[in-house]
Amino acid sequence: HDGRELASSDRYGVWFWDAETGTLKDRLRGRIAVGYVPDGDRFVSLTPRQRVAIHNRGDGSEEVFDGFDIDLIPRLPSHDDPGPVVEADDPDAHFKIATTGAPVRGVTRDGGYVLVDQIGWNLTRGFDLTSKDTFELGRHEDYWSSQLLAYSPSGEFILYRTSVFDDPVRLLLRDIGNDDKWTEMPIPERLRGNVVFLPDERRVACLIDDKNARSLAIIDLTNPDETATRVALDGQHDFFDIAPLAVAADGNLLAVGSGSEVLVFNAETLEEADRFRGHHGDVTALAFSPDGQRLASSDKTSILIWDLTR
């Protein structure tokens, strides 16, 4: 919550860094990162055996709970090798992080619970961080194979992409707080993988690839028939389907990885506010500091921190 620590993850586990000095502090081996609880004192990860681990960043203690009876080990569906199957809680477990098809996961804004998506189904599992109980948000019988795109910060809304045979692809908004209401809406035909809710939970930012004319777009979920606001992206990202997106906590700025560059936009007007160069490969992840004054970006070999106040 104070922006002094940064977590990154790779196929070996989760790494914790001092955000001021870039010094490695410690690591959690063989873990899949979920995220910090908003108080900043705890970090949630998943073990290869689907257990939920809550790590206290102050004293180093850890609690591990039985979690989700689903496959949380990411796969590489574009490769012939599906990756190893981890049969035990092996601290040296070496698994491949997916480039597509990975579960969507995160901690809600109020720190109340963890949400995890089951790969390939619109089935969401939750873990209550207070009661330490798991729960399930059931499937919709009409959209049994929908792809989950994003959770809203509060966890009240879930956004899917439908995949019903012979029907046009649609966005599907699930309003858990409103009697679990499901609403269909149009979708840009070439919407790509990464989607993020803005803090108002009324709009989402997404990437659109129309015949290689790649753009960042804002979609108003309360008026989905309205044409999405777009801005063209000039970078060439080898894996545009997974080009990273991030939004500042106050909702004023959006960041997107565009090839080896990091582009920052005003979230209201989509005017470019900044552009950062320094990576030697495609940008793979982005995160704003809690105060919105710094932006962390990573490629396969390095993490860079940019000052947004200069």
Exercise for the section: Say whether, by atom type as modelled, one donor and one acceptor occur between the side chain of S9 and the main chain of A33 under 3.5 angstrom. Expected result: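 Not a single qualifying donor-acceptor pair exists.
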Exercise for the section: Describe, in one word, how the ring planes of W182 and Y160 are oriented to each other, choosing from parallel (under 30°), tilted (30 to 60°) and perpendicular (over 60°). Expected result: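 Geometry flag for Y160 against W182: parallel rings.
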Practice task
Consider only side-chain heavy atoms of I, L, V, M, F, W and Y, link residues closer than 4.5 Å, and tell whether L6 and L286 are in one cluster.
Solution key: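 No, L6 and L286 fall in different hydrophobic clusters.
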Indicate the atoms forming the closest heavy-atom contact of [X] with [Y], along with that distance.
X	Y	result
L308	G292	CD1-O, 3.4 Å
A267	G251	CB-O, 3.1 Å
A53	E62	CB-OE2, 3.9 Å
Q293	D307	O-OD1, 3.7 Å
T301	D299	N-OD1, 2.8 Å
I303	W17	CD1-NE1, 3.8 Å

Can you confirm whether [X] sits close enough to [Y] that some side-chain heavy atom of one is under 4.5 Å from a side-chain heavy atom of the other?
X	Y	value
L245	L207	yes
E184	L171	no
V44	L129	yes
F157	L159	no
H55	R42	no
P153	E201	yes
V34	L46	yes
V196	V204	no

Among residues at least two apart in sequence or on other chains, which ones pass ring pair (Phe, Tyr, Trp, His ring centres under 6.0 Å) with [X]?
X	answer
F197	none
F288	none
F276	W306
W15	none

Exercise for the section: Go through the steps for R57 and D26 under the test side chain to side chain contact (heavy atoms under 4.5 Å, CB included), then give the verdict. Expected result: CA-CA 10 Å; R57 298 300 303 142; D26 62 344; 2.9 Å; yes
Handout entry: Candidate pair E63 and R51, rule salt bridge (Lys or Arg N to Asp or Glu O under 4.0 Å), full reasoning
Key = CA-CA 10 Å; E63 296 178 283; R51 292 185 174 92; over 6 Å; no
Exercise for the section: For side chain to side chain contact (heavy atoms under 4.5 Å, CB included), just list the numbers for D180 and D175, CA-CA rounded to whole Å, side-chain angles, deciding distance to a tenth of an Å, and then say yes or no. Expected result: CA-CA 5 Å; D180 203 13; D175 185 348; over 6 Å; no
Interatomic spacing from [atom1] in [X] to [atom2] in [Y] - rounded to 0.5 Å:
X	Y	atom1	atom2	value
N56	S61	CG	OG	4.0 Å
I219	T222	CD1	OG1	12.0 Å
I176	K181	CD1	NZ	14.5 Å
I158	L149	CD1	CG	11.5 Å
L295	I305	CG	CD1	9.5 Å

Practice task
Using the side chain to side chain contact (heavy atoms under 4.5 Å, CB included) rule, take I54 and F43 through it: C-alpha gap first, then chi angles, then the decisive distance, then the call.
Solution key: CA-CA 6 Å; I54 303 174; F43 187 87; over 6 Å; no
Who passes side-chain contact (heavy atoms from CB on, under 4.5 Å) against [X], sequence neighbours left out?
X	answer
V231	L216, F265, L270
N252	D250
A217	C206, I208, A228, R230
D200	L198, R202, R203

Handout entry: Partners passing salt bridge (Lys or Arg N to Asp or Glu O under 4.0 Å) against E20 (at least two apart in sequence or in another chain)
Key =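 Result, salt bridge (Lys or Arg N to Asp or Glu O under 4.0 Å) vs E20: R294.
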Exercise for the section: Not counting sequence neighbours, which residues clear salt bridge (Lys or Arg N to Asp or Glu O under 4.0 Å) with D128? List them please. Expected result: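 In terms of salt bridge (Lys or Arg N to Asp or Glu O under 4.0 Å), with neighbours along the sequence ignored, D128 is linked to no residue.
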Handout entry: Between Y12 and R29: side-chain donor-acceptor atoms closer than 3.5 Å
Key =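 No pair is found: no donor N or O on one side chain lies under 3.5 Å from an acceptor on the other.
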Exercise for the section: Would you tell me whether H279 and R277 have side-chain atoms, one donor and one acceptor, within less than 3.5 Å of each other? Expected result: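 No, no side-chain donor-acceptor pair sits under 3.5 Å.
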Problem - Which residues share a side-chain hydrogen bond (donor to acceptor under 3.5 Å, both in side chains) with D274, sequence neighbours left out - result: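 For D274, the residues satisfying side-chain hydrogen bond (donor to acceptor under 3.5 Å, both in side chains) (neighbours in sequence not counted) are R310.
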Problem - Sequence-distant partners of T183, side-chain hydrogen bond (donor to acceptor under 3.5 Å, both in side chains), two or more places apart - result: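 Not a single residue meets the side-chain hydrogen bond (donor to acceptor under 3.5 Å, both in side chains) criterion with T183.
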Practice task
Could you give me the CA-CA distance, side-chain angles and deciding distance for F65 and F127, then say whether ring pair (Phe, Tyr, Trp, His ring centres under 6.0 Å) is met?
Solution key: CA-CA 10 Å; F65 302 90; F127 180 83; 5.6 Å; yes
Problem - Worked check of side chain to side chain contact (heavy atoms under 4.5 Å, CB included) between V264 and L254 - result: CA-CA 6 Å; V264 181; L254 274 170; over 6 Å; no
